[in-house]
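Just below is one structure, and these are the notes that go with it.
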Amino acid sequence: QVQLVESGGGSVQAGGSLRLSCAAFGYTYSLLCMGWFRQAPGKEREGVAGIDSDGSASYADSVKGRFTISLDNVKNNLYLQMNSLKPEDTAMYYCAADYRDCYSSSRGPLSLRYNFWGQGTQVTVSS
């Protein structure tokens, strides 16, 4: 099993930056796919960014060019650098992980039904 703990959320003004972190604990050696998702009040959860064990990343169109996902395999940490934040980025952000390859049964890391989820960290962007 794997436990995921997010941190780094907070409140910023539009145009600002935040860096989210996700620490993975437990049997992390076989994790092949990790991602960040978000859910705003009244909206469905959406994939933001995902990355496979080789470092290949995918992004939602809404965050391309502004967000960067990265993986530290030594520390078992996943990061999301968020720049040029907009009020519409306000949401609870969740880290997700899975032992399966990102493309094993889906169209990629933003579509995979992850088995492991963190509890989330809140990001609020004011205009």
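Atom set for the values below is all heavy atoms of this structure, side chains included, hydrogens, waters and symmetry mates excluded.
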Query raised in the report: If we only count heavy atoms from C-beta on, is the S104 to L112 side-chain gap below 4.5 Å?
Result: yes

Query raised in the report: Between Y94 (side chain) and E6 (backbone), is there a donor-acceptor pair under 3.5 Å?
Result: no

Query raised in the report: If you take all heavy atoms of Y114 and P109, which pair is closest and at what distance?
Result: OH-O, 2.6 Å

Query - Result of checking T28, N77, L4, N76 against M34 for side-chain contact (heavy atoms from CB on, under 4.5 Å) - result: L4

Report task. Give a yes or no on whether F37 and F116 share a hydrophobic cluster (residues Ile, Leu, Val, Met, Phe, Trp, Tyr; joining criterion: side-chain heavy atoms under 4.5 Å apart). Result -> no

Query raised in the report: Is there side-chain contact between Y79 and C22, with at least one heavy-atom pair below 4.5 Å?
Result: no

Query raised in the report: Does R100 offer a backbone N or O that forms a donor-acceptor pair with the side chain of D98 under 3.5 Å?
Result: yes

Query raised in the report: Between K43 and Q39, what is the shortest heavy-atom contact and its length?
Result: O-NE2, 3.1 Å

Query raised in the report: When rounded to the nearest 0.5 angstrom, what distance separates OG1 in T68 from CG in N83?
Result: 6.5 Å

**Report entry** Nearest atoms (heavy-atom pairs only) where L85 meets V12
**Finding:** CD1-CG2, 3.6 Å

Requested in this report: Answer yes if L71 and Y27 sit in the same cluster of Ile, Leu, Val, Met, Phe, Trp and Tyr residues linked by side chain heavy atoms under 4.5 Å apart, and no otherwise.
Outcome: yes

Report task. Give a yes or no on whether the backbone of V125 and the side-chain of T90 come within a donor-acceptor separation of less than 3.5 Å. Result -> yes

**Report entry** More than 12 heavy atoms of other groups within 6.0 Å of Q122 CD
**Finding:** yes

**Report entry** Atom pair CG/OG of L31 and S53 - distance to nearest 0.5 Å
**Finding:** 9.5 Å

Query raised in the report: Taking side chain as C-beta onward, heavy atoms only, is N115 less than 4.5 Å from Y99?
Result: no

Query - F67 and Y93 aromatic ring geometry - parallel, tilted or perpendicular at 30°/60° bounds - result: tilted

Query raised in the report: Does the side chain of M82 come within less than 4.5 Å of V123's, by heavy atoms?
Result: yes

**Report entry** Considering all heavy atoms, the nearest R38-E46 contact
**Finding:** NE-OE2, 2.6 Å

Report summary line: Nearest heavy-atom approach of V2 to A24 is CG1-CB, 4.4 Å

**Report entry** Donor-acceptor contact present, side-chain Y59 to main-chain I69, <3.5 Å
**Finding:** yes

Query raised in the report: Do C33 and Y103 touch side chain to side chain, with heavy atoms closer than 4.5 Å?
Result: no

Requested in this report: Report the C-alpha separation of K64 and D61 in whole Å, then their side-chain angles, then the decisive distance to 0.1 Å, and conclude whether the salt bridge (charged side-chain N to carboxylate O under 4.0 Å, His left out) test is met.
Outcome: CA-CA 5 Å; K64 281 181 181 177; D61 289 341; 3.2 Å; yes

Query raised in the report: Roughly how far, to the nearest 0.5 Å, is CG of L78 from CG of N73?
Result: 10.0 Å

Report task. Would you name the heavy atoms of A60 and L110 that are closest together and state the gap between them? Result -> N-CD1, 3.6 Å

Query raised in the report: Under 4.5 Å between side-chain heavy atoms, hopping through other hydrophobics if needed: is there a path connecting W117 to W36?
Result: no

Report summary line: d(S127 OG, E88 CD) to nearest 0.5 Å is 10.0 Å

**Report entry** Spacing of CZ belonging to R19 relative to CG belonging to L80, to within rounding of 0.5 Å
**Finding:** 10.0 Å

